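Note that the coordinates shown come from a computational prediction; the quantities given were computed from them, not determined experimentally. What's counted below: heavy atoms across the whole structure, side chains too, no hydrogens, waters or symmetry copies.
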Amino acid sequence: MMISTRKFELLVIAYVSLFLVLVMSSLTMVEARAFFVFGDSLVDSGNNNYLVTTARADSPPYGIDFPTRRPTGRFSNGLNIPDLISEAIGNEEPPLPYLSPELRGRRLLNGANFASAGIGILNDTGFQFINIIRMYQQLDYFQQYQQRVSRLIGKPQTQRLVSQALVLITVGGNDFVNNYFLFPYSARSRQFSLPDYVRLLISEYKKILLRLNSLGVGRVLVTGAGPLGCAPAELARSGTSNGRCSAELQRAASLYDPQLLQMINALNKKIGRNVFIAANTNQMQEDFLSTPRRYGFITSKVACCGQGPYNGMGLCTVLSNLCPNRELYVFWDAFHPTEKANRMIVRHILTGTTKYMNPMNLSSALAL
C-alpha cells in the first residue's frame, strides 16, 4: 500500500529526530568523564569525617570560602585541587568521598574520592593519626567501587567508564613529614639513609601505580612531593627567624621528584603508552613561593590560619589567628595551600609546558 507524501515526510522527520537524539546521547556519554582521586590531605574531600581520627578538617574556619561557607573535611579555606580539576573538565560536581552515604545510585558514575588525610606510600606513615585509609585500602575500595557500579550498569560499561576516566593521585609528602623526619631519630631514619629511603618510596609507589593500571584505568595524573621544607609548619619547627626553607626536607624533595619522574617514564615505556602523567608541583609552587607579590600574594611564609611562628604550629581552629583576606596568602594552614594557590597549581596542570608537566599537560592528554 502506498504511503501518502505527507505521512512519508513525517516518518522521515521522526527517524531523523531519533537519529539525532541517539547521536547526542552518544556524544554526551563520550564527553562525560568519571574522576577518581587517591592520596592524602591535599586531595581528601571528606573521607576522614567518617573515621575516628585526629586528621580531620570538619570544623570552622575550614571551609570559610567554600560555596556553603561550611567545613567539608577539605583541608582548605575553599575548593581543593580535585574540585578545581573537576570544574575544569566540565563535570557537574566533584567526586564525592567514597565513605559518604550520598555516594550511591547514578552519582557513582561521576567517580569517587578515596583520599584520606595523613596517609603515605608506606603503611607505617601517619600511624599517629590512628585511623586513616591507607593506600592499599584505597585501592581495595576502588575494586569494591567497580563491583558496585557493575551491579548498576553492567561489567562492560563499568570497564569502559573506568578506562575513559581521569585519575589523580597525590601521595608521598607525609612519608617525609610524618614519618622519616617526624622525630629527630625516627625508626625509618635509623633504618635508612635519606637516598635509600627515597629509593624505597619510589619502589613502593611503583607497585601502587602498577596495581592502579591493573584495575583498568587509562589516564593517571601523578603529582610530585612539592616544596616540603617551605610549609609554615616546617619554618616554625626549624625555629629560624629568616624564614628559610628546611634544608633537609628540600633535599628530600630534590631527591624524590626526579626519581618519581624517571619511574613514571619507565612505566609508560613498559606499558607502551602514556598512562601516567607527572606534575612537577615543586616547580609550580616554587614560582609563587620565591616571588609571592608577583602573583598577588603578600606572603608565602605565614599561614592564614594558625598560631605560633609563621602561624605554623598546631591545627587551624576557631581560636587560631585568621587572616581577613585568604586571596593574599599562599598557605591556608600550616601545611595546605589556599584555594587561590590551588587554582594556580591546577592552571599549570591543565596548560603548563614541559617545565611543569611530563610528557604533556592535562588538556593535551584529555584531547587524545
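Within 6.0 Å of CZ on Arg148 lie more than 12 heavy atoms contributed by other residues, nucleotides or ligands. Environment of CZ in Arg69: crowded, with over 12 heavy atoms of neighbouring residues, nucleotides or ligands closer than 6.0 Å. Surrounding CE of Met263 are more than 12 heavy atoms belonging to other residues, nucleotides or ligands, all under 6.0 Å away.
Ion pairing of Glu339 with Arg326 is absent here, as no side-chain N (NZ or NE/NH1/NH2) approaches a carboxylate O to less than 4.0 Å. In summary, Arg251 and Glu248 do not engage in a salt bridge, as defined by a charged side-chain N under 4.0 Å from a carboxylate O. No salt bridge links Arg134 with Asp140; every basic N to acidic carboxylate O contact stays at or beyond 4.0 Å. Between Glu327 and Arg343 there is no salt bridge, since none of the side-chain N atoms of the basic residue sits less than 4.0 Å from a carboxylate O of the acidic one. Salt-bridge check for Glu92 with Arg106: failed, with every basic side-chain N at 4.0 Å or more from each acidic carboxylate O.
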**Request:** Could you walk me through whether Gln262 and Ile202 pass the side-chain contact (heavy atoms from CB on, under 4.5 Å) test, one step at a time?
**Result:** CA-CA 10 Å; Gln262 187 179 20; Ile202 296 298; over 6 Å; no
**Prompt:** Checking side-chain contact (heavy atoms from CB on, under 4.5 Å) for the pair Phe36/Leu166: CA distance, chi angles, key distance, verdict?
**Reply:** CA-CA 6 Å; Phe36 301 106; Leu166 172 64; over 6 Å; no
**Request:** Mind running side-chain contact (heavy atoms from CB on, under 4.5 Å) on Asn213 and Lys270 for me, showing each step along the way?
**Result:** CA-CA 12 Å; Asn213 185 57; Lys270 180 180 178 180; over 6 Å; no
**Asked** Checking ring pair (Phe, Tyr, Trp, His ring centres under 6.0 Å) for the pair Tyr98/Tyr141: CA distance, chi angles, key distance, verdict?
**Response** CA-CA 8 Å; Tyr98 187 67; Tyr141 277 151; 5.1 Å; yes
**Request:** Decide side-chain hydrogen bond (donor to acceptor under 3.5 Å, both in side chains) for Thr281 and Thr223; before the verdict, give the C-alpha distance in whole Å, the side-chain angles of both, and the deciding distance to 0.1 Å.
**Result:** CA-CA 6 Å; Thr281 45; Thr223 65; 4.9 Å; no
**Asked** Do Glu204 and Leu122 pass the side-chain contact (heavy atoms from CB on, under 4.5 Å) test, and can you show the C-alpha distance, the side-chain angles, and the key distance before you say yes or no?
**Response** CA-CA 7 Å; Glu204 292 301 310; Leu122 304 180; 3.8 Å; yes
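Asn280 places no side-chain N or O within donor-acceptor distance of the main-chain N or O of Gly224, the cut-off being under 3.5 Å. The main-chain N or O of Phe192 is found under 3.5 Å from a side-chain atom of Tyr180 such that the two form a donor-acceptor pair. Between the Asn48 side chain and the Ala117 main chain, a donor and an acceptor come within less than 3.5 Å of each other. When atom types are taken as modelled, the side chain of Thr351 and the backbone of His348 share no donor-acceptor pair closer than 3.5 angstrom. Using a distance-only test at 3.5 Å, with no hydrogens or angles considered, a donor-acceptor pair links the side chain of Arg56 to the main chain of Asn49. A donor-acceptor contact shorter than 3.5 Å is absent between the side chain of Asn268 and the backbone of Asn265. Judged purely by atom type and a 3.5 angstrom limit, Thr299 uses its side chain to pair as donor or acceptor with the backbone of Val302. Between the side chain of Asp175 and the main chain of Ile121, a donor-acceptor pair closer than 3.5 Å is present. Proximity of a side-chain donor or acceptor of Ser214 to a complementary backbone N or O of Arg211 within less than 3.5 Å is detected. In this structure a side-chain-to-backbone donor-acceptor pair under 3.5 Å is missing from Ser41 to Gly118.
Here Asn178 contributes atom CG and Ile132 contributes atom CD1; the two are 8.5 Å apart, rounded to the nearest 0.5 Å. If you take CG on Leu84 and CD1 on Ile345, they are separated by 9.5 Å, rounding to the nearest 0.5 Å. In this structure, OG on Ser320 lies 8.0 Å from CG on Leu315, to the nearest 0.5 angstrom. Between Thr317 atom OG1 and Tyr62 atom OH the span is 9.0 Å, to the nearest 0.5 Å. The CZ atom of Arg199 lies 4.5 Å from the CG atom of Asp196; values are rounded to the nearest 0.5 Å. Rounding to the nearest 0.5 Å places CG of Asn311 at 14.5 Å from NZ of Lys301.
Scanning all heavy atoms of the two residues, the minimum distance from Pro258 to Ser254 falls at CD-O, 3.0 Å. The two residues Gly173 and Leu228 make their nearest non-hydrogen contact at CA-CD2, 3.8 Å. For the residue pair Thr158 and Gln146, the shortest heavy atom distance occurs at CG2-O, 3.6 Å. The minimum heavy-atom distance between Pro71 and Ala57, with the atom names listed, is CB-O, 3.9 Å. Annotation for Ile349 and Asn361: closest pair O-CB, 3.6 Å, computed over non-hydrogen atoms. Annotation for Phe181 and Ala252: closest pair CE1-CB, 4.0 Å, computed over non-hydrogen atoms.
Not less than 2.5 angstrom separates the SG atom of Cys323 from that of Cys305.
Phe127 and Phe183 have tilted rings, their planes meeting at an angle from 30° to 60° on a 0 to 90° scale. Note: His336 and Phe75 have tilted aromatic rings, judged against thresholds of 30 and 60 degrees for the angle between ring planes. The aromatic rings of Tyr295 and Phe288 sit perpendicular, their planes meeting at an angle over 60°, well past the 30° parallel limit.
Hydrophobic clustering places Leu267 together with Leu200 (ILVMFWY residues linked when any side-chain heavy atoms are closer than 4.5 Å, directly or through intermediates). Cluster annotation: Met284 and Phe276 are assigned to distinct hydrophobic clusters (Ile/Leu/Val/Met/Phe/Trp/Tyr, side-chain heavy-atom contacts under 4.5 Å, transitive). One hydrophobic cluster, built from ILVMFWY side chains closer than 4.5 Å, holds both Leu139 and Val162. With hydrophobic clusters built from ILVMFWY side chains whose heavy atoms lie under 4.5 angstrom apart, Val43 does not share a cluster with Leu99. No continuous path of hydrophobic side-chain contacts links Val167 to Leu42 [ILVMFWY only; heavy atoms under 4.5 Å].
Tyr356 and Asp287 share a side-chain donor-acceptor pair at under 3.5 Å. Side-chain contact, Asp124 with Asn179: a donor N or O sits under 3.5 Å from an acceptor N or O. In summary, the side chains of Ser116 and Asp44 do not present any donor paired with an acceptor at a separation below 3.5 Å, with no hydrogens or angles considered. Side chains of Thr72 and Arg74: a donor on one and an acceptor on the other come within 3.5 Å.
Using a 4.5 Å heavy-atom threshold, the side chains of Val52 and Ile130 count as separate. In this structure, Val346 and Leu362 have side chains that are not in contact, with every pair of non-hydrogen atoms separated by 4.5 Å or more. The side-chain heavy atoms of Asn325 and Ile298, taken from C-beta on, include no pair separated by under 4.5 Å. The shortest distance between side-chain heavy atoms of Asn358 and Ile264 does not fall below 4.5 Å. A 4.5 Å side-chain heavy-atom check between Asn123 and Met135 finds every atom pair outside the cut-off. Using a 4.5 Å heavy-atom threshold, the side chains of Ile119 and Asn174 count as separate.
In this structure, the ring of Tyr310 has its center no less than 6.0 angstrom from the ring center of Phe331.
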